[in-house]
**Q** 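Structure incoming, see below.
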Amino acid sequence: MNALEIHKLGKMYNNTKVALLDVSLEVPEGSFFALLGPNGAGKSTLINILADTVRPSSGSISLLGHELFLERAWCKRRMGVVPQEIAFDPFFSPREILRFSRGMYGQKNDDTWVDELLERLELTEHAHKITRQLSGGMRRRLLVAQALVHRPKVVILDEPTAGVDVELRKRLWDFMRELNAAGTTILLTTHYLEEAEELCDHVAIIDQGKVITSQSMQALLGDVASSSLYLRYAHTLQLSSQDRAALAGFYPRINQGQLCLTLNKLGETSNFDQAYQLARQCFGSPLTVTVGQEDLEDVFLRLTGEKKSEKQGGTTG
Amino acid sequence: MRSFNFIGTWTLFQRESRRFLRVKMQTIVAPALTAILYLIVFRYAMGERSVPGLDVDYFSFLIPGLMMMAMLQNAFANTSSSMIVGKIMNVHVFLLMAPISAGEAVFAFLAAAVLRALVVGGVLLLVLLPFSDLSLAHVWMILFYGICGSLIMGSLGLIGGMWSKTFDDMAMVNNFIIMPLTFLSGVFYSVSQLPPFWQAINAWNPFFYLIDGFRHGFIGTGDSDPWQAIGAVGAMTLLSIMAAWYLWHIGWKLKE
Ligand SMILES: Nc1ncnc2c1ncn2[C@@H]1O[C@H](COP(=O)(O)OP(=O)(O)OP(=O)(O)O)[C@@H](O)[C@H]1O
Ligand SMILES: [Mg+2]
């Protein structure tokens with residue numbers, strides 16, 4: 001079953017600004033799902049619609065097989081959301097906030113779990129402070145604790161690690177990984193793409209309110225990420241039209257004095273050997289050979305960049 | 001149909017009442033002091049005079065009015081300040097995210113507003129009682145008007161809090177609508193002292209019925225027809241609760 005099925009979700013702010021346009025996504029149950037996109041892509045809008053703080057303009061969503069817009073209360077009890085904007089109640093301490101939060105979800109107080117959350121999010125020594133006295137990173141962690149305090153099945157985090165230092169970020173992710181291993185579905189947005197690549201097993205990229213791609217991390221990197229072959233020569237290179245013809249299909253180009261050839265995607269059969277032999281025929285033996293592989297960040301930049309140039313082409317042409 | 005989120009509603013009620021209990025100085029002691037100041041001022045300004053039209057001394061007339069005014073203002077303050085602080089600190093999102101329906105939320109907010117009003121009213125009564133020989137003619141009337149008035153003001157506070165974008169907006173609602181209406185509704189004078197034109201206008205001021213009826217409960221007589229007043233206040237209470245519920249339900253000015 002899918003934890004979330006989003007179907008043709010649309011959102012227009014103030015009847016003018018389109019933030020989401022027919023967004024359809026499936027988040028498999030038990031997955032660790034990265035929702036990526038540049039600033040203003042519509043990630044928070046999507047999450048806020050899930051959280052019920054923003055009204056959708058069109059579309060439907062089902063959570064664990066239940067219609068979100070029809071069975072709000074049922075769904076809300078199974079969902080924990082960390083909003084992007086830091087918010088805290090200035091009147092209460094972290095411990096009180098966690099207690100209240102749990103109560104609002106209709107659950108009896110559970111001090112053991114509250115203590116554990118405080119411990120895991122390194123808030124124990126601040127548990128009795130007034131929230132105003134917490135630092136930005138502590139407040140962010142408190143938000144995460146708050147989203148987890150009713151033990152939701154689906155956890156949605158909108159940039160949970162913004163402003164959290166490296167060390168604590170790592171520990172926060174370890175905690176998320178544990179929850180995920182125990183069966184919790186996790187959907188997050190982040191601008192730290194290496195972290196997303198390392199943690200998540202599924203990824204969707206959205207830009208300007210539209211889904212560009214949504215698949216498993218493995219498939220995305222396998223099918224979309226390309227690798228390149230870089231050959232350095234002792235002599236200066238010049239690509240003649242003959243060379244171009246010979247190397248056609250490998251998009252030959254000279255990059256910082258190196259010959260650069262694009263290879264097959266990871267998921268396809270390797271054409272490294274063929275590329276290397278052809279390059280040798282044209283230029284002789286190279287001094288050094290390196291293979292570079294696109295990581296999630298490169299793919300992200302390429303996909304969201306392509307999107308922009310397409311759009312520019314559309315408006316000028 | 002979903003079941004009632006009892007623990008959620010109870011938790012929200014606790015949160016909303018703890019908010020004012022935590023700042024007792026401001027929420028309970030201050031209104032009591034203000035009332036005492038009014039009392040001293042009017043005591044010496046008016047002397048031993050009695051109220052024309054009603055056969056009571058001015059003191060016994062004034063005390064229930066001051067109590068009710070403080071209760072109304074505190075009920076309003078409880079919901080409106082919680083809403084506006086919530087919006088400005090962005091914590092209202094937690095309320096929107098939680099599985100608490102509009103009915104449950106409004107119920108919890110209003111219950112806390114009524115509690116605060118009753119606590120303030122009770123404290124004022126204890127503080128002011130030694131200064132007068134006030135009777136409790138109809139306790140049911142005191143409770144009816146006290147609770148209905150708090151419900152109305154609590155609902156208006158919710159609506160005002162939803163409407164306001166800033167503390168300034170909220171202050172405007174408070175200073176230009178709530179204060180004049182409460183001050184001009186017969187706390188300090190009997191409406192029968194007013195010229196006929198203003199009496200007619202006053203017949204449309206809901207706060208007049210609240211204060212008059214509440215006082216009626218103490219001194220056993222009032223300016224308005226009790227049954228007409230009970231009808232008007234009952235209708236006002238239902239109407240304002242329903243308005244607050246509806247606006248919450250549609251997320252008025254709360255959700256984009
Ligand atoms: N309340 C609002 N009123 C009008 N437009 C809005 C509102 N909130 C967001 N938008 C617009 O909707 C678009 C999507 O915004 P959103 O916050 O969802 O982006 P995001 O992907 O979360 O970006 P970021 O990475 O910066 O958090 C943006 O163009 C933004 O300007
Ligand atoms: Mg965002």
Side-chain angles (χ1 to χ4, degrees), chain A residues 11-14 17 19 44-45 47-57 70-93 96-109 130-132 139 142-143 146-147 149-150 152 156 158, chain B residues 1-27 78 81-105 107-109 112 116 162 167 247-256:
Chain A
K11 173 64 190 178
M12 190 146 78
Y13 285 109
N14 313 319
K17 167 80 201 151
S44 297
T45 301
I47 288 179
N48 293 340
I49 290 174
L50 290 170
D52 200 19
T53 58
V54 166
R55 286 192 214 112
S57 306
L70 298 179
E71 299 171 73
R72 271 288 188 195
W74 190 94
C75 294
K76 281 176 170 187
R77 282 171 192 254
R78 285 155 186 85
M79 195 163 50
V81 182
V82 178
Q84 178 174 7
E85 248 172 83
I86 290 199
F88 64 93
D89 200 318
F91 281 90
F92 302 116
S93 69
E96 283 174 306
I97 287 180
L98 293 183
R99 277 202 190 137
F100 281 145
S101 213
R102 190 175 159 91
M104 300 246 268
Y105 280 82
Q107 296 184 11
K108 288 212 185 71
N109 192 19
I130 291 295
T131 339
R132 204 174 317 162
R139 287 175 194 169
L142 177 59
L143 283 188
Q146 225 179 319
V149 74
H150 58 285
I156 298 168
D158 198 349
Chain B
M1 265 316 282
R2 52 182 298 244
S3 57
F4 185 72
N5 182 354
F6 178 78
I7 299 180
T9 311
W10 172 244
T11 307
L12 186 56
F13 165 73
Q14 277 187 313
R15 194 190 84 175
E16 291 309 305
S17 14
R18 222 170 271 193
R19 210 186 283 284
F20 79 81
L21 290 174
R22 186 151 299 189
V23 279
K24 290 181 202 69
M25 266 310 199
Q26 187 189 327
T27 54
N78 212 52
S81 71
S82 175
M83 280 308 293
I84 190 71
V85 169
K87 271 167 79 165
I88 284 175
M89 305 296 282
N90 204 31
V91 279
H92 74 301
V93 299
F94 297 115
L95 210 49
L96 298 178
M97 273 168 16
I100 289 188
S101 67
E104 290 158 351
F107 181 87
F109 270 97
R116 171 154 163 194
M162 282 189 246
F167 286 115
L247 292 174
W248 189 290
H249 182 69
I250 63 167
W252 184 62
K253 306 229 176 208
L254 293 175
K255 297 182 199 172
E256 291 281 350

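Throughout, a chain's letter reflects where its sequence line sits, starting with A, and its residues are numbered from 1.
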**Q** Among A:Pro83, A:Gly80, A:Cys75, A:Ala87, which has the most heavy-atom pairs under 4.5 Å with chain B?
**A**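 Maximum pair count with chain B is reached by A:Ala87.
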**Q** Quick check on A:Tyr13 against chain B: is it the side chain, the backbone, both or neither that has a heavy atom closer than 4.5 Å?
**A** side chain
**Q** Consider side chain to side chain contact (heavy atoms under 4.5 Å, CB included). Of A:Asn48, A:Ile49, A:Thr45, which one does A:Pro56 pass it with?
**A**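 With A:Pro56 as partner, A:Asn48, A:Ile49, A:Thr45 yield a single side chain to side chain contact (heavy atoms under 4.5 Å, CB included), made by A:Ile49.
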**Q** Within a reach of under 6.0 Å around CZ of B:Phe13, are more than 12 heavy atoms found that belong to other residues, nucleotides or ligands?
**A** yes
**Q** Over 60° means perpendicular and under 30° means parallel, so tell me whether A:His150 and A:Tyr105 are parallel, tilted or perpendicular.
**A**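 Answer is parallel, since the angle falls under 30°.
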**Q** Enter the distance from A:Phe88:CZ to A:Leu143:CG here, rounded to the nearest 0.5 Å.
**A**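 With rounding to 0.5 Å, CZ (A:Phe88) is 10.0 Å from CG (A:Leu143).
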**Q** For chain B, which of A:Met79, A:Arg72, A:Glu96, A:Lys108 has the most heavy-atom pairs under 4.5 Å?
**A** A:Glu96
**Q** Quick one: of A:Val81, A:Ile86, A:Asn14, A:Leu50, who has the most non-hydrogen atom pairs under 4.5 Å with chain B?
**A** A:Val81
**Q** Examine whether an atom of B:Arg15 lies under 4.5 Å from a heavy atom of chain A, and if so say whether it belongs to the side chain, the backbone or both; otherwise answer neither.
**A** both
**Q** Without swapping roles, check the side chain of A:Thr131 against the backbone of A:Pro90 for a donor-acceptor pair under 3.5 Å.
**A**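 Checked: no pair found.
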**Q** Is A:Leu70 in contact with chain B via its backbone, its side chain, both, or neither, using a 4.5 Å heavy-atom distance?
**A**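 For A:Leu70, no heavy atom lies under 4.5 Å from chain B.
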**Q** Under 4.5 Å heavy-atom distance to chain B, tell me which part of A:Gln107 shows up: side chain, backbone, both or neither.
**A**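 Contact with chain B: backbone only.
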**Q** For B:Glu16, is there an ion pair with B:Arg19 - N to carboxylate O distance below 4.0 angstrom?
**A**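 Salt bridge between B:Arg19 and B:Glu16, a charged N being under 4.0 Å from a carboxylate O: yes.
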